[in-house]
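Inspection log for the structure reproduced underneath, given as C-alpha cells.
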Amino acid sequence: MTKRFYHYAHRRRTMQEFVLDRLRRRPAKPFDGEFELHPFDLCVGRGESIALIGTNGSGKSTVLRLMAGIYPPTDGVVVHRGRVAAVIELGTTFQPELTGDENVELYAAALGLTRQQIAGRRETIFEFSGVADFRDVPLKYYSSGMRSRLAFAIASHAEPDILLLDEVLAVGDHTFRSRCHQRLREFTAGKGTMVVVTHDLDAARELCCHGVWLERGRVHRTGPIGEVIDAYEASAA
C-alpha cells in the first residue's frame with residue numbers, strides 16, 4: 001500500500017473553483033518533499049506481535065492509521081481477518097461531559113462489545129484502570145493519565161482479534177505499565193495479533209517478536225525484533 005498527502009496551501013480557492021477542479025479531475029498539489037509512505041507490504045499472522053520503530057516522522061503512525069481504516073490508502077488495500085481494536089489516540093471516542101461509567105459503555109460499544117459483554121466487564125475495566133473511585137465523575141475532570149489508563153483498559157478488555165497500539169506502552173506509572181505488559185502478553189499468548197508503534201525499545205523487545213524499522217516513509221529493515229532494534233540503535237550511536 002501507498003499513502004500520499006496533499007495540500008491546497010499554494011492558493012486559496014473559491015468553492016466554485018474547488019468543485020470544478022474535482023469535476024475535471026485535476027489532482028491536488030502534493031506536499032513538496034514533506035511526506036509520502038512509499039509502497040509498503042506487511043502481512044501479520046494470527047498470534048504475531050509486530051513493533052514499528054523509527055524516528056519521528058518516519059511513517060509509523062501513518063501505517064497504523066491505514067491499518068485501522070482511519071486513512072484510506074492512496075494505492076493498494078488493507079485486509080483484516082477478525083475484529084480490530086485500535087488505540088491510536090487514547091480516548092478519542094471519549095466524551096468529556098459524560099461520566100467515566102458512561103464513557104466505558106460508549107467506548108466499549110464503539111469497539112464492538114454488546115451491552116451484555118460491557119456489563120460483564122465493567123468492574124474489571126475499572127479495577128484494571130485504577131479509576132473506580134471516579135466512575136461517576138465527568139471525564140472532563142480526569143487527568144490525562146486517568147483518561148489514558150481507562151482507554152487502555154477498555155481496549156485491552158474488548159478481546160479483539162487484532163490490537164493496534166500507538167505509543168501507549170508508557171501509559172501510567174511503573175505498576176500500571178507492568179499490568180499493561182502482562183495484559184498484552186496474555187493477549188498474544190491467546191493467539192491475538194498485535195501491531196505496536198513505540199519509542200520504548202525495551203518494551204518492544206519484551207512484547208514483540210518481529211520488528212519493522214521505517215525511515216522517511218520507507219521500510220529500512222525487517223526481521224526478529226532484537227536484530228532490528230540492535231541495528232536501529234547502532235545507527236543512532
Side-chain angles (χ1 to χ4, degrees), residues 42-53 60-61 63-64 67-68 80-94 100-101 103-132 135 145-212 223-226 228-229:
L42 179 64
C43 180
V44 187
R46 185 183 179 195
E48 290 186 336
S49 49
I50 308 294
L52 305 178
I53 65 173
K60 306 183 300 299
S61 294
V63 171
L64 215 64
M67 291 180 175
H80 301 134
R81 291 184 175 88
R83 188 162 58 87
V84 178
V87 188
I88 304 297
E89 295 178 7
L90 284 172
T92 50
T93 308
F94 283 163
D101 201 36
N103 271 287
V104 166
E105 186 164 348
L106 177 67
Y107 197 1
L111 292 175
L113 271 66
T114 65
R115 286 184 177 273
Q116 184 176 5
Q117 289 173 324
I118 296 170
R121 301 174 196 179
R122 190 187 305 267
E123 296 305 322
T124 302
I125 288 171
F126 275 111
E127 181 180 354
F128 187 93
S129 65
V131 299
R135 61 189 304 162
M146 292 167 66
R147 290 193 298 269
S148 296
R149 295 200 305 274
L150 184 58
F152 180 87
I154 298 168
S156 63
H157 285 82
E159 297 183 1
D161 301 296
I162 303 166
L163 186 58
L164 308 177
L165 303 173
D166 190 358
E167 296 293 0
V168 301
L169 299 184
V171 168
D173 57 20
H174 176 74
T175 301
F176 185 77
R177 287 198 299 273
S178 297
R179 204 181 310 161
C180 290
H181 290 187
Q182 179 59 32
R183 180 69 184 169
L184 295 177
R185 283 192 293 268
E186 293 170 355
F187 174 75
T188 53
K191 297 301 182 181
T193 300
M194 182 170 69
V195 182
V196 175
V197 167
T198 184
H199 287 289
D200 187 342
L201 300 182
D202 290 335
R205 285 183 191 271
E206 176 188 349
L207 297 170
C208 299
C209 62
H210 193 83
V212 178
I225 188 64
V228 174
I229 289 178

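Here the structure is a predicted model, which is why all the values come from computation and not from measurement.
Across all non-hydrogen atoms, the minimal contact from Ile225 to Ala204 is CG1-O, 3.7 Å. Of all non-hydrogen atoms in Ala155 and Ala85, the two that sit nearest each other are O-CB, 4.5 Å. The minimum heavy-atom distance linking Gly211 with Val228 is given by the pair O-CG2, 3.6 Å.
For the atom pair His80 NE2 and Ile162 CD1, the distance stands at 5.5 Å (nearest 0.5 Å). Between atom CD of residue Glu48 and atom SG of residue Cys209 there is a gap of 5.5 Å, rounded to the nearest 0.5 Å. A distance of 13.5 Å separates OG of Ser129 from CZ of Arg147, quoted to the nearest 0.5 Å. Leu165 CG to Thr198 OG1: the interatomic distance, rounded to the nearest 0.5 Å, is 9.5 Å. Atom CD1 of residue Ile53 and atom NZ of residue Lys60 lie 9.0 Å apart, to the nearest 0.5 angstrom. To the nearest 0.5 angstrom, Arg149 atom CZ is 14.5 Å from Ile125 atom CD1.
Shown here are the side-chain hydrogen bond (donor to acceptor under 3.5 Å, both in side chains) partners of Asp200, two or more places apart in sequence or in another chain: there are none. Every side chain to side chain contact (heavy atoms under 4.5 Å, CB included) that Glu186 has, sequence neighbours left out, goes to Gln182, Arg183. With sequence neighbours excluded, the residues satisfying side-chain hydrogen bond (donor to acceptor under 3.5 Å, both in side chains) with Arg115 are Glu105. Every residue two or more places apart in sequence or in another chain was checked for a ring pair (Phe, Tyr, Trp, His ring centres under 6.0 Å) with Phe126, and none qualifies. Evaluation of the side-chain hydrogen bond (donor to acceptor under 3.5 Å, both in side chains) rule for Thr188 yields no partner, not counting sequence neighbours. Residues passing the side-chain hydrogen bond (donor to acceptor under 3.5 Å, both in side chains) test with Arg179, sequence neighbours excluded: none.
Each of Arg121, Lys191, Arg83 was checked for a salt bridge (charged side-chain N to carboxylate O under 4.0 Å, His left out) with Glu159, and the lone residue meeting it is Arg121.
Remark: Glu127 CD is loosely packed, at most 12 non-hydrogen atoms of other residues, nucleotides or ligands lying under 6.0 Å away. Dense packing is recorded around CZ of Arg185, with more than 12 heavy atoms of other residues, nucleotides or ligands lying under 6.0 Å away.
Taking a cutoff of 4.0 Å between a charged side-chain nitrogen and a carboxylate oxygen, Arg122 and Asp101 qualify as a salt bridge.
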Please test Val84 against Leu111 for side-chain contact (heavy atoms from CB on, under 4.5 Å), starting from the C-alpha separation and ending with a verdict. CA-CA 8 Å; Val84 178; Leu111 292 175; over 6 Å; no

List the steps and the verdict of side-chain contact (heavy atoms from CB on, under 4.5 Å) for Leu150 and Val104. CA-CA 8 Å; Leu150 184 58; Val104 166; 3.8 Å; yes

Met67 and Leu42: CA distance, side-chain angles, deciding distance, side-chain contact (heavy atoms from CB on, under 4.5 Å) verdict: CA-CA 10 Å; Met67 291 180 175; Leu42 179 64; 3.2 Å; yes

Under the criterion side-chain contact (heavy atoms from CB on, under 4.5 Å), I'd like the reasoning laid out for Thr124 against His157: C-alpha separation, chi angles, the key distance, then a yes or no. CA-CA 8 Å; Thr124 302; His157 285 82; 3.5 Å; yes

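Phe94 places a side-chain heavy atom less than 4.5 Å from the side chain of Ile154. In this structure, the side chains of Pro160 and Phe187 come closer than 4.5 Å at one or more pairs of heavy atoms. Residues Leu164 and Val87 fail the side-chain proximity criterion, which asks for heavy atoms closer than 4.5 Å. At a threshold of 4.5 Å between non-hydrogen side-chain atoms, the residues Ile50 and Thr193 do not count as touching. Here the side chains of Glu167 and His199 are in contact, with some heavy-atom distance below 4.5 Å. With a 4.5 Å cut-off on side-chain heavy atoms, Val196 and Leu207 do not count as touching.
Using cut-offs of 30° and 60° for the angle between ring planes, the Phe152 and Phe128 rings count as parallel.
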